[in-house]
**Student:** 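The following block contains the structure, expressed as structure tokens.
Each chain gets a letter, A, B and so on, in the order the sequences are listed, and its residues count up from 1. What you see is a predicted model, and the numbers here were worked out from it, not measured in a lab. Just so it is clear, the values below take in all heavy atoms, side chains as well, and ignore hydrogens, waters and symmetry mates.
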There are 2 protein chains.
Amino acid sequence: MSRSIIKLRSTIRLKEGCALKIGELSKATGASIRSLRYYEKQGLIAPLRTESGYREYHKFAVEQVKTIRLYLNLGLSTEQIAGFLHCVLTNKEVFCNEILPVYQQKLKEIDEQIQTLVRIRSNLEERIQSIVSEQTDNESMEGTNDES
Amino acid sequence: MSRSIIKLRSTIRLKEGCALKIGELSKATGASIRSLRYYEKQGLIAPLRTESGYREYHKFAVEQVKTIRLYLNLGLSTEQIAGFLHCVLTNKEVFCNEILPVYQQKLKEIDEQIQTLVRIRSNLEERIQSIVSEQTDNESMEGTNDES
DNA sequence: ATAGACCGTGACATTAATGTCAGAGTCAAT
DNA sequence: ATTGACTCTGACATTAATGTCACGGTCTAT
């Protein structure tokens, strides 16, 4: 219910051909139109153009964009992704020699970030603990004096 | 050796009085001049001004700035710090009621960040593992065929 | 009074991916 | 032809703390 009152054309064209317009690709992948244009500018995807200048995506672009977003979610930058994407799309991930060092580099970075966060975390915990225990001490002293 | 050829005036004034100029405070705390001005604009520190407009910091400002930087290193924002700094500077940290919820909120955020990173990390590791084991398989097969 | 170390303000840059807007053009259905 | 959904480009905004530059004023030792 309350599906959407606005009229959409996308469903019709989706059934028709195998060329996608940017809005259709956006809906099919979850990437915003803005992001799709950005990926293009970063060299991650290269749609054709119609005579009037509209982007024309092949239907395979859906999987390509999903792949891109997967790597982005892994914390890789568009630049890093560009470095191995052609290989991953051509072969399988396991056969792409360019991807392993990127993964390992990223793993190192992630480990460093985790270490930093863990260090901050224990510092925070200490501070919280000292405040809480101090307050507890005061309350129990007050209790000794005033309560019951 | 090679201490610094440029003539400095700071040492002299440091001995003289208890008012610090911004450059002196910067050297005493490790915060850049730019940062000190930024902290001021964010309401974290409020130096007096000389007639000519120079900032005049009380000597206690050294500890204040170090305190600010400590909290920044804990990942707190200048806005959060502003929320409890007056209290921390007046009382001790353990007696500042405003600081505990900020700490706990930050702890929550840190935990979430760690969780996210850990999830990404294991995803990366899986991918690395599948690539490495695939390559190892191929090499051992090659070995079976060609070697010895 | 001059040099040069210092300070003042204001502004722009950085980072990465995305949001958002304006102004204009396209397409399809009526 | 009109309407409305859609697309195009280009530009500016977001975030937070800091770097950096320009341009000008101040202080102090000589």
Side-chain angles (χ1 to χ4, degrees), chain A residues 4-17 19-45 47-57 65 68-82 106 109, chain B residues 4-17 19-45 47-57 65 68-82 106 109:
Chain A
S4 171
I5 306 174
I6 302 165
K7 218 189 295 177
L8 295 177
R9 286 192 320 222
S10 40
T11 30
I12 299 150
R13 290 197 78 263
L14 271 173
K15 287 170 193 166
E16 283 178 18
L20 298 168
K21 286 195 296 186
I22 195 167
E24 299 164 345
L25 183 60
S26 171
K27 287 196 185 67
T29 59
S32 72
I33 291 177
R34 176 71 176 82
S35 294
L36 293 176
R37 296 197 185 118
Y38 177 70
Y39 301 157
E40 179 178 349
K41 180 165 267 181
Q42 300 305 111
L44 299 183
I45 190 164
L48 301 173
R49 296 293 182 124
T50 68
E51 283 181 7
S52 58
Y54 281 23
R55 288 173 180 81
E56 220 173 14
Y57 294 93
V65 170
I68 291 168
R69 293 177 69 71
L70 182 147
Y71 289 126
L72 284 176
N73 283 334
L74 281 177
L76 303 183
S77 67
T78 54
E79 195 182 356
Q80 289 176 311
I81 297 171
K106 190 68 196 176
E109 287 173 26
Chain B
S4 170
I5 307 177
I6 302 165
K7 216 188 295 179
L8 295 178
R9 285 194 319 223
S10 40
T11 29
I12 299 149
R13 290 198 79 262
L14 270 173
K15 289 171 192 164
E16 282 178 21
L20 298 168
K21 284 195 295 187
I22 195 167
E24 299 163 344
L25 183 60
S26 171
K27 288 196 185 69
T29 60
S32 72
I33 291 177
R34 177 71 176 80
S35 295
L36 292 175
R37 295 195 185 118
Y38 178 69
Y39 301 158
E40 179 178 348
K41 181 166 266 180
Q42 300 306 111
L44 299 184
I45 191 163
L48 301 173
R49 296 294 182 124
T50 67
E51 284 182 7
S52 58
Y54 281 21
R55 287 171 179 80
E56 220 173 14
Y57 294 93
V65 170
I68 291 168
R69 293 176 69 72
L70 181 147
Y71 289 125
L72 284 175
N73 284 334
L74 281 178
L76 303 184
S77 67
T78 54
E79 196 181 354
Q80 288 176 311
I81 297 171
K106 190 69 198 175
E109 287 174 27

**Student:** Show the nearest heavy-atom pair for residues A31(A) and V65(A), with the distance to one decimal.
**Tutor:** CB-CG1, 4.0 Å

**Student:** Under 4.0 Å between a side-chain N/O of T78(B) and OP1 or OP2 of dA16(D), yes or no?
**Tutor:**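 For dA16(D), OP1/OP2 do not have a side-chain N/O of T78(B) under 4.0 Å.
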
**Student:** How many Å lie between CG on L74(A) and P on dA17(C), as a whole number?
**Tutor:** 13 Å

**Student:** Do K27(B) and E24(B) sit within salt-bridge range, that is, some charged N less than 4.0 Å from a carboxylate O?
**Tutor:** no

**Student:** Write down the atom of A82(A), the atom of Q42(A), and the distance for their closest heavy-atom approach.
**Tutor:**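 The answer is CB-O, 4.2 Å.
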
**Student:** Give the C-alpha distance, both sets of side-chain angles, the deciding distance and a yes or no for side-chain contact (heavy atoms from CB on, under 4.5 Å) between T29(B) and Y57(B).
**Tutor:** CA-CA 12 Å; T29(B) 60; Y57(B) 294 93; over 6 Å; no

**Student:** How does protein reach along nucleotides 8-14 of chain D, written 5' to 3' as B (base within reach of a heavy atom under 4.0 Å), S (only sugar-phosphate), or - (no contact)?
**Tutor:** BB-B---

**Student:** Which one of I68(B), L25(B), L44(B), I45(B) satisfies the side chain to side chain contact (heavy atoms under 4.5 Å, CB included) criterion with L36(B)?
**Tutor:**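 Per the side chain to side chain contact (heavy atoms under 4.5 Å, CB included) rule, the option paired with L36(B) is L25(B), out of I68(B), L25(B), L44(B), I45(B).
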
**Student:** For R69(B) and G30(B), work out which heavy atoms get closest and say how close.
**Tutor:** NH2-O, 3.7 Å

**Student:** Mind calculating the distance between CD (Q42(A)) and C1' (dA17(C)) to the nearest angstrom?
**Tutor:**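 So the two atoms are 9 Å apart, to the nearest Å.
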
**Student:** What's T50(A) touching, base or sugar-phosphate or nothing? Going by heavy atoms closer than 4.0 Å.
**Tutor:**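 Contact class for T50(A): none.
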
**Student:** Rounding to an integer number of Å, can you tell me how far E79(A) CD sits from dA17(C) P?
**Tutor:** 9 Å

**Student:** Rounded to the nearest 0.5 Å, what separates atom OG in S26(A) from atom CZ in R37(A)?
**Tutor:**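 One gets 9.5 Å once the value is rounded to the nearest 0.5 Å.
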
**Student:** Using five base pairs at each end to define the local axes, how bent is the helix from dA1(C)-dT30(D) to dT30(C)-dA1(D), to the nearest 10°?
**Tutor:** 40°

**Student:** Take the protein atom CD of Q80(B) and the nucleotide atom P of dT15(D), then report the distance between them rounded to whole Å.
**Tutor:**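 It is 15 Å, rounded to the nearest whole Å.
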
**Student:** Could you tell me whether the phosphate oxygens of dT18(D), OP1 or OP2, come under 4.0 Å of any side-chain nitrogen or oxygen in S35(B)?
**Tutor:**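 So the side chain of S35(B) is within the cut-off, an N or O lying under 4.0 Å from OP1 or OP2 of dT18(D).
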
**Student:** Minimum heavy-atom separation for K106(B) to L74(B), with atom names?
**Tutor:** CE-O, 4.0 Å

**Student:** Using whole Å, report how far CG of L72(A) lies from P of dA16(C).
**Tutor:** 12 Å

**Student:** Can you measure R69(A) atom CZ to dA16(C) atom C1' for me and round it to whole angstrom units?
**Tutor:** 14 Å

**Student:** Can a side chain N or O of Y38(A) be found less than 4.0 Å away from OP1 or OP2 on dG19(C)?
**Tutor:**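 It does not, given that no N or O in the side chain of Y38(A) lies less than 4.0 Å from OP1 or OP2 of dG19(C).
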
**Student:** Over how many whole Å does the gap from Y71(A) atom OH to dA17(C) atom P extend?
**Tutor:** 16 Å

**Student:** What's the separation between atom CZ in R55(B) and atom CZ in R49(B), rounded to the nearest 0.5 Å?
**Tutor:** 4.0 Å

**Student:** dT7(D), dT18(D), dT18(C): which one has an atom nearest the side-chain heavy atoms of K21(A)?
**Tutor:** dT7(D)

**Student:** Measure the distance from CG on L36(B) to C1' on dC7(C) and round it to the nearest whole Å.
**Tutor:**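 Roughly 13 Å, once rounded to whole Å.
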
